[in-house]
Amino acid sequence: MQYADFCTIEYPDVAQLVPLFDLLPDVVFFCKDRVGRYWVVNETLRLRCGCRSKQELIGRLPEDLFPLELGASYASQDQQVIRSGCALNHRLEVHMYPDLQMGWCVTHKRPLRDRNGSIMGLIGISRDLRSPNRNAPTWRRVASSIDYLNEHFAEINSIQQLATLAQLSLSQYERAIQQIFELTPKQLLIKTRIDASIQLLAGNDSIAAIGLACGYADHSAFSRQFRLITGLTPRQYRQLLGRNA
DNA sequence: GCAGTGCAGGCGTCTCACAT
DNA sequence: ATGTGAGACGCCTGCACTGC
């Protein structure tokens, strides 16, 4: 099949949405075919991949664009959506672009179907995490617990602990955190831990020691979490840093 | 020895509906 | 706006195993 043939699919004509997504600098928008090749991208993705035109991205696989194992990881996630036909929603991730610029985002991917219901690829968006909404009415009440979280992320055993600090019920606390960070409390804790581990991986500590320092029970728990969030194992990430130092 | 992965069980978290 | 409860889901843990 010629690639151009694939782009003539009548329904849904997602390409018409691109001009709208081009206006959102904090949103990456893309569609991929069954193989995982980009066939629609927005301006934000083009910029972050350092391409001069969108055409440079079209027809290419993640492996062609992103650093080594990272591209393979994105491709594997795509294939999971395409094969299972199940959407991937509200996935907290760290994205790394070809220049190794990193950013936290929340990703949603859905299988894309034609008129007959057959899966023809996937459609996805990744929205950058915004700064916490300090104007939210609940900010004052949770601020102290966030300070505590930032300093003691390795010692926190439950979200209830943070809710108690904020003098809120668990329900109130979960809603407040959602309102302020657009994340669940658990996602916020994971983000804090992974951020810290990313800093530590630039040093020479063992991966097991970093896992423990960031609040994980053992190296395997840390390794799994890290890979889930970043797409790389801690060692792969460290090697990537080393190659680009 | 270190690091990554697979698996199973248990438990915490999240979401939703509903009541107050 | 807040609290509560149920059910589903996903994460964590511990262990074993493998590869480097």
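The structure presented is a predicted model; accordingly, all values stated were derived computationally and were not measured.
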Exercise for the section: Would you indicate, yes or no, if B/dG4 has its OP1 or OP2 atom less than 4.0 angstrom from a side-chain nitrogen or oxygen of A/Thr233? Expected result: yes
Practice task
Round to a whole Å and report the spacing from OH of A/Tyr173 to P of B/dC14.
Solution key: 11 Å
Completion exercise
Counting primed atoms, P, OP1 and OP2 as sugar-phosphate and everything else as base, the B/S/- map of nucleotides 13-20 of chain C against protein heavy atoms under 4.0 Å is BBB-----
Practice task
Answer yes if the side chains of A/Ser145 and A/Tyr173 hold a donor-acceptor pair under 3.5 Å, and no otherwise.
Solution key: yes
Exercise for the section: For A/Glu174, answer base if it contacts any base atom (sugar-phosphate contacts may also be present), sugar-phosphate if it contacts only those atoms, and nothing otherwise; contact means non-hydrogen atoms under 4.0 Å. Expected result: base
Handout entry: A/Ile194 CD1 - C/dC11 C1' separation (whole Å)
Key = 13 Å
Exercise for the section: Provide the closest heavy-atom pair for A/Phe30 versus A/Lys109 in the form atom of the first, atom of the second, distance. Expected result: CZ-CE, 3.8 Å
Exercise for the section: Starting from C1' on C/dG10, measure out to CD on A/Gln187 and report it in whole angstrom. Expected result: 11 Å
Practice task
Decide salt bridge (Lys or Arg N to Asp or Glu O under 4.0 Å) for A/Asp78 and A/Arg37; before the verdict, give the C-alpha distance in whole Å, the side-chain angles of both, and the deciding distance to 0.1 Å.
Solution key: CA-CA 10 Å; A/Asp78 294 344; A/Arg37 295 172 297 205; over 6 Å; no
Practice task
Measure the distance from CD on A/Gln236 to C1' on B/dA3 and round it to the nearest whole Å.
Solution key: 11 Å
Completion exercise
Regarding the side chain of A/Ser206, the nearest nucleotide among B/dA3, B/dC14, B/dT5 is B/dA3
Exercise for the section: Indicate whether OP1 or OP2 belonging to B/dT13 is found under 4.0 Å from a side-chain N or O atom of A/Thr184. Expected result: no
Practice task
Could you check how far CD1 of A/Ile229 sits from P of C/dC11, rounded to whole Å?
Solution key: 8 Å
Practice task
Please determine if a side-chain N or O atom of A/Gln225 lies less than 4.0 Å away from the OP1 or OP2 oxygen of C/dC12.
Solution key: yes
Fill in the blank from the handout: Minimal heavy-atom distance between A/Ile123 and A/Cys31, with the atoms involved, is CG1-SG, 3.7 Å
Exercise for the section: Can you tell me the distance, in whole Å, between the CG atom of A/Leu92 and the P atom of C/dC11? Expected result: 11 Å
Practice task
Check the distance between B/dT15's C1' and A/Lys186's NZ and give it to me in whole angstrom.
Solution key: 16 Å
Handout entry: Distance (rounded to the nearest 0.5 Å) between A/Ile210 CD1 and A/Ser223 OG
Key = 11.5 Å
Problem - Side chain to side chain, A/Leu24 and A/Phe29, heavy atoms closer than 4.5 Å - result: no
Exercise for the section: Starting from P on C/dC11, measure out to CZ on A/Phe222 and report it in whole angstrom. Expected result: 16 Å
Handout entry: A/Ile159, nearest nucleotide to its side chain (from B/dT13, B/dA3, B/dG4)
Key = B/dT13
Practice task
Could you tell me which non-hydrogen atom of A/Phe226 sits nearest to which non-hydrogen atom of A/Ile198, and how far apart they are?
Solution key: CE1-CG1, 3.9 Å
